[in-house]
Amino acid sequence: MITTLPAGSAGMPPSAHPGRFGDGIPAAAAPDGIVEVRGISKTYGGGVEALNNISLTFPEGALTSLLGPSGCGKTTLLKIIAGLVAPTAGEILVKGRRVTGPGPERSFVFQDFALMPWATVLRNAAFGLELRGVARSEREAVAERYIEAVGLKGFEHKYPHELSGGMRQRVGLARALAVNADVVMMDEPFSAVDEQTRRRFQEDLLRLVAQERKTFLFVTHSIEEAVYVSNRIVLLSRRPSRVQRIIEIDLPRDGDPDRIRRHPDYLDTVEDIWQGLRHYVE
Amino acid sequence: MIGTGMNSLSTPPATVARAARFRPLAALVHPLTLRAVSFAIALLAWEIAGRWPVSPSFPPFSETATAFVALLSDGSLLRAFGVTLTPLAIGLAVSGAVGVGIGVAMGLDERVEWFGVPIFIVLQAAPLAALVPILVMAYGIGLLTKVSIVCIMAMPVIVLNSFKAVRHAPRSLIEMGTSFLGTRAQIIRKIILPAATPVIFAGLRLGAAAGFVGAVLAELLVTPTGIGDIITYNQSIADYPKMYAAIAAIIMVSVGFIEILGFVEQRFLRPETRRTA
Amino acid sequence: MLIGGYRIPAMASLVVWAIVWEIVGRADLTLLIPPLSATLVRLAEIAGTESFWEAVGITARTFAAGSAVAILVGVPVGILMGRVPLLDRLLLPWVNVFISAPLSALVPVIMAIFGFGETTIVLTVVLFAIWIVILDARAGTQSISPSLVEMARVYGASRWQAFSKIYVLSALPEILTGIRLGLLRAVKGVIIGQLLVSVVGFGRLFEIYSSNFLMEHMWAMLIVLFGLAFLIDTLLGAIERRVDYFAGSRN
């Protein structure tokens, strides 16, 4: 079941993907991968090798998870794609253009929310547009729309410290959506949120993914979370990380969200991934 | 190392809330009531100690209060404050503007940091008060000397706090600004400086406190002027109530000024602290 | 900082400042600032005089006595304030007043009551140092994790055991920070006290030097005092970091 993908191989949008759920078959090459990772390695100053020659293609319009044990370099890979961290070797192409830094076609949701405590929900959500010089009335109109979309209508003039952790991350999501980027990257967005809130958030995320028709890259260390929200899971090994396996997921996303968690395919996949990972855990 | 001193001057609302939650007994009594009780007990103790008397040069509170009213009504206290507070205000304005400027520059640029931080660390640890006699001897006790003394005393802590505030601006917020395509200028103006405001203001409050120490010291040494004149003159003629009244007055003004500084910060620069959930 | 790939030590810029001092002194810009070299020569000269060592002795004695009182009183008071809310509410307003009050204005009060001797200087040192010691000991005690306190209760610790084995040790990093800041304030206090009393120790030397415009002498004294203050800061900073190292696992 372990598949090592050669550089440049690509996946198709899962909606068009006929493969049975749970299959580890490498997807056929497709030119429409929106993000291409080519031979990325990252070695930190102290000689710690975080990533080793990673090549991947992220299909457009899907939610792809990077899943792996803690400290396996998945966040580093995401930040390299975001242009926040420079790789030691290799290159990233987004929509065919080489990444040298952050760009307007990508946005980011931070693990620790990264909300400005002195700014209201509205200003925080509109901040990406503010930095781009969009006029106040215009950017606030956009931000209000997304604040409503993430379920925070009525909280526009609250400050972050008045919100719960889950609500704060909703603001972070609204901010990332408001700049209308093609690729939205989420770095363990729910790790600082309690379990119940996380489940609600995961359900809302699925709804937003369906509505927004953007490409989502999602980093998590939770197998259940990855299987629940993703169209596709990239399994990374321990440091120095390599791509261990790619799993396509085709669960019925419409209808009752609780049905997914009881779906046999969901449970089988979670168990399957765990069996593959367990020998890495002491 | 400045951090702890700074916390003492600004008790963040969160801490108060936490303290109240963990200690049900204290929550029963309103903090303001207890504060009033605390001041009343202290004044009563002062009155008793003064009447006992602890020392012939320790007047009770009531006599000091009477002397305070007398100093206030004949205008001498206000005139003295005019003399004392003018150089203080100029000195604090100058060291505030210059000190925050230097500190922020050191926080933003590594070369400026290398050049500036060590000397200010030395100056902050040093007993700068020892410079006061030199300045007074060389230039007399004019306005310029007093302004320089206030600046010397207030500047190091303002500079170092501003430096630390900028240097310790949350990395994830700066990363967020970068990822949403903020320019360097935008990130400094919209993220680093607002994030640094609380610590910069803590530095300004500590600087103001040090400036008051310097101003009073300058006025007590060599040729007494202003509030220092009232203190030393009444000490020399053994009119202790008036001496104590003047001392209490300068302490109240100093503490009041620092409170006002905190209020200004909260009111105009920290919108998130104005409202409770 | 890196210049041409070489790491320049952080404190090296002080050498640059020393050179600036020398140049300003030689340029005769102001009679206030003599060249550094001349000041150092004078320092060596003064270091042989009896009055200098007498001043050092008085300063060290009063500094040590005042600091000891400030720590021995300040730490327990701070811990008590951290544990007893009523006491905290009663004392905190005063601590906050005195931490930011112009304490130099209170020195005349001490002089009026205790005269112009060493007692006054010791009390000035206490007055300057104690408030930050109290506040940091209080902050340290309040930051003790509640589960640690509950652990002590579950295993039946007596009040004294809880105080000595849990509160003091848990709050040690903050207590040490408070002591370091308190000692720095104590250095300022011992100087301000001597300046105002002006008949003993460095205060008397300053009085003599400044009334005779002996700038080199003045600056030589300043170098000594600055050096001492810096030494205390560095020494205590090192101790603090060691404690922080074991306390790092606290959270």
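Numbers restart at 1 for each chain; the letters A, B, ... are given by sequence-line order, proteins then strands. All values below come from the heavy atoms of this structure, side chains included, with hydrogens, waters and symmetry mates left out.
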What part of Gln111(A) is in contact with chain B, defined as an atom under 4.5 angstrom from a non-hydrogen atom: side chain, backbone, both or neither?
neither
Please answer whether the main-chain N or O of Gly61(A) pairs with a side-chain N or O of Lys214(A) as donor and acceptor at a distance below 3.5 Å.
no
Select one option (side chain, backbone, both, neither) describing which atoms of Phe110(A) are under 4.5 Å from chain B's heavy atoms.
side chain
By a 4.5 Å heavy-atom criterion (distance strictly below it), what part of Pro160(A) contacts chain B: side chain, backbone, both, or neither?
neither
Checking the side chain of Gln186(B) only, and the main-chain atoms of Thr183(B) only, is there a donor and an acceptor separated by less than 3.5 Å?
yes
With only heavy atoms counted, which part of Leu115(A) is less than 4.5 Å from chain B, the side chain, the backbone, both or neither?
backbone
Looking at chain A, which one of Thr197(B), Thr178(B), Ile187(B) has the largest number of heavy-atom pairs inside 4.5 Å, strictly under?
Thr178(B)
Can you name the salt bridge (charged side-chain N to carboxylate O under 4.0 Å, His left out) partners of Glu175(B), sequence neighbours left out?
Lys79(A)
Taking salt bridge (charged side-chain N to carboxylate O under 4.0 Å, His left out) as the test, write out the residues that go with Arg136(A), two or more places apart.
Glu140(A)
Top contributor to chain B interface from Ala119(A), Ala176(A), Ala114(A) [non-hydrogen pairs under 4.5 Å]:
Ala114(A)
Given heavy-atom pairs under 4.5 angstrom as the criterion, report whether the side chain, backbone, both or neither of Phe127(A) touches chain B.
side chain
I'd like to know if the side chain of Thr84(B) and the backbone of Ile227(B) have a donor-acceptor N/O pair within less than 3.5 Å.
yes
Out of Pro117(A), Gly128(A), Gly83(A), Ala82(A), which one racks up the most heavy-atom pairs below 4.5 Å with chain B?
Pro117(A)
Whatever's closer than 4.5 Å to a heavy atom in chain A on Ile174(B) counts as neither
Between Pro194(B), Pro170(B), Ala195(B), which has the largest tally of heavy atom pairs under 4.5 Å with chain A?
Pro194(B)
Tell me if a side-chain donor or acceptor on Gln202(A) pairs with a main-chain N or O of Arg200(A) at a distance below 3.5 Å.
no
Taking Thr197(A) for its side chain and Val193(A) for its backbone only, find out whether a donor-acceptor pair lies under 3.5 Å.
no
